[in-house]
S.K.: 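Input: one structure, supplied below.
Computation of the quantities below employed the complete heavy-atom set of this structure, encompassing side-chain atoms and omitting hydrogens, waters and symmetry-equivalent molecules.
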Amino acid sequence: MPSARDSNGREVAAVRGVLASVLGMMKGGATHIAVATDHVIESFRNELWPSYKTGEGIEPDLLAQFSLLEEVLSAAGIVVWPMVEFEADDALAAAAAAAVRDARVERVIICTPDKDLAQCVRGTRIVQLNRRTRISLDEAGVFQKFGVSPTSIPDYLALVGDAADGYPGLKGWGAKSSAAVLAKFAHLESIPTDWREWRVNVANAGALADTLSDERDRALLFRMLATLRTDIALFDDVDELRWNGPTPAFTALAARLDAALTETRRPMAGRSKSAPILRSAPRR
């Protein structure tokens, strides 16, 4: 979004962009919606792996908008989950798992391009949507993209690594070799120590097996980092997520955002977290 500052000189471009995006979801037909935020960038994963992602490198003007975003979304009547101990991704995973247990919910749409959320996809009922590219992934789509099923995504990320989250994976294990091996064995524990038992078409299988054997504990740690938590209680009933319009506090905040002056300088880099959208079946 182009930079925009309010009457106090505070940058609000990212807040305006996320708000417009979320409101656009409702215009697109979403009936229930919630937004998860990294209220605190660090989480329990930083204790497990010190190099896990932090707030370092985030533009100060962008970081300063996190709390304002939560305030604006709440005033707009949207459920917000500001995460402290856990990450926003954990909230999305937990919310999707809880919502899909309600028979009234036709589909849960997790709106984010983050590859770790692919582990949450189930059949065609929980899907992942990249709203920028408009590409939606169901379970078959996840397999087509990564070469593994959603339940193997944490194992896949443990092997190939995730630069965005700050862990490197195992040396030599690339996307193709990881997908080929996990497509057959599904999880790290099931991969035979002897590469000759693999019977999959991968290059340097012996070296890969040696690396996995030598660094198995590290691989299991990386899988723990990649595994999203679904045991977080966020709501009791999906009806709590139904959008019923803005609160009275939204008028003043909206006026403040509308009055912000757009500056002619480089756009701000986006870093908004995503929203699970629940489409509910009509009551009978």
S.K.: Test of understanding: with ring pair (Phe, Tyr, Trp, His ring centres under 6.0 Å), list the residues that count as partners of F86, not counting sequence neighbours.
M.R.: F44
S.K.: Is any NZ, NE, NH1 or NH2 atom of the basic residue among D162 and K53 found under 4.0 Å from an Asp or Glu carboxylate oxygen of the other?
M.R.: no
S.K.: Taking only residues two or more places apart in sequence, or in another chain, which ones meet T230 in a side-chain contact (heavy atoms from CB on, under 4.5 Å)?
M.R.: A93, A97
S.K.: In the single-linkage hydrophobic clustering (I, L, V, M, F, W, Y; side-chain heavy atoms under 4.5 Å), do V40 and L68 co-cluster?
M.R.: no
S.K.: List in chain and number order the residues that pass side chain to side chain donor-acceptor pair (under 3.5 Å) with D6, two or more places apart in sequence or in another chain; answer none if no residue qualifies.
M.R.: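 If we apply the side chain to side chain donor-acceptor pair (under 3.5 Å) test to D6, skipping adjacent residues, the hits are R256.
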S.K.: Is there a side-chain contact between L48 and M224 in this structure, where contact means two heavy atoms from C-beta onward sitting under 4.5 Å apart?
M.R.: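 Answer yes - side chains close enough.
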S.K.: With S136, which residues qualify under side-chain contact (heavy atoms from CB on, under 4.5 Å), at least two apart?
M.R.: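 Applying side-chain contact (heavy atoms from CB on, under 4.5 Å) to S136 gives V127, L129.
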S.K.: Taking ring pair (Phe, Tyr, Trp, His ring centres under 6.0 Å) as the test, write out the residues that go with W173, two or more places apart.
M.R.: W198
S.K.: Got T151 and R122 here, is their nearest side-chain heavy-atom distance under 4.5 Å?
M.R.: yes
S.K.: Taking C-beta and beyond as the side chain, do F66 and E71 meet within less than 4.5 Å on heavy atoms?
M.R.: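 Heavy-atom side-chain distance check fails, nothing below 4.5 Å.
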S.K.: Taking side chain to side chain donor-acceptor pair (under 3.5 Å) as the cut-off, I'd like each qualifying pair that reaches into residues 182-192, sequence neighbours left out, listed once.
M.R.: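 Sorted pair list: D155-H187, E189-R223.
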S.K.: Please list, chain by chain and in numerical order, all residues satisfying side chain to side chain donor-acceptor pair (under 3.5 Å) with N46, sequence neighbours excluded.
M.R.: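 In terms of side chain to side chain donor-acceptor pair (under 3.5 Å), with neighbours along the sequence ignored, N46 is linked to no residue.
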S.K.: Quick check: do M25 and C111 have side-chain heavy atoms less than 4.5 Å from each other?
M.R.: yes
S.K.: Distance check, rounded to the nearest 0.5 Å: L117 atom CG versus I153 atom CD1?
M.R.: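 L117 atom CG to I153 atom CD1 measures 10.5 Å (nearest 0.5 Å).
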S.K.: Give a yes or no on whether a salt bridge exists between R45 and D90, defined as a side-chain N under 4.0 angstrom from a carboxylate O.
M.R.: yes
S.K.: D194: which residues meet the side chain to side chain donor-acceptor pair (under 3.5 Å) condition with it, sequence neighbours left out?
M.R.: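 D194 satisfies side chain to side chain donor-acceptor pair (under 3.5 Å) with R196 only.
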S.K.: Y167: which residues meet the ring pair (Phe, Tyr, Trp, His ring centres under 6.0 Å) condition with it, sequence neighbours left out?
M.R.: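 Listed in chain order: F222.
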S.K.: When you compare the side chain of S149 with that of V142, does any pair of heavy atoms fall below 4.5 Å?
M.R.: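 In short, these two side chains do not touch, never coming nearer than 4.5 Å.
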S.K.: Under the ring pair (Phe, Tyr, Trp, His ring centres under 6.0 Å) test, which residues partner F146, sequence neighbours left out?
M.R.: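 Applying ring pair (Phe, Tyr, Trp, His ring centres under 6.0 Å) to F146 gives Y156.
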S.K.: Any non-hydrogen side-chain atom of L137 less than 4.5 Å from a side-chain atom of K115?
M.R.: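 Of all side-chain heavy-atom pairs linking K115 with L137, none is under 4.5 Å.
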S.K.: Side chains of residues 199-213: which donor-acceptor pairs under 3.5 Å do they make with residues two or more places apart or in other chains?
M.R.:
residue: T211; atom: OG1; partner: A207; partner atom: O; Å: 3.0

S.K.: Could you go through E11 and S3, starting from their C-alpha distance and side-chain angles, then the distance that decides it, and tell me whether this counts as side chain to side chain donor-acceptor pair (under 3.5 Å)?
M.R.: CA-CA 7 Å; E11 181 65 63; S3 173; 2.5 Å; yes
S.K.: State, yes or no, whether a side-chain contact exists between L157 and D165 at a heavy-atom distance under 4.5 Å.
M.R.: no
S.K.: Got a sec, which residues hit side chain to side chain donor-acceptor pair (under 3.5 Å) with R216, two or more places apart in sequence or on another chain?
M.R.: none
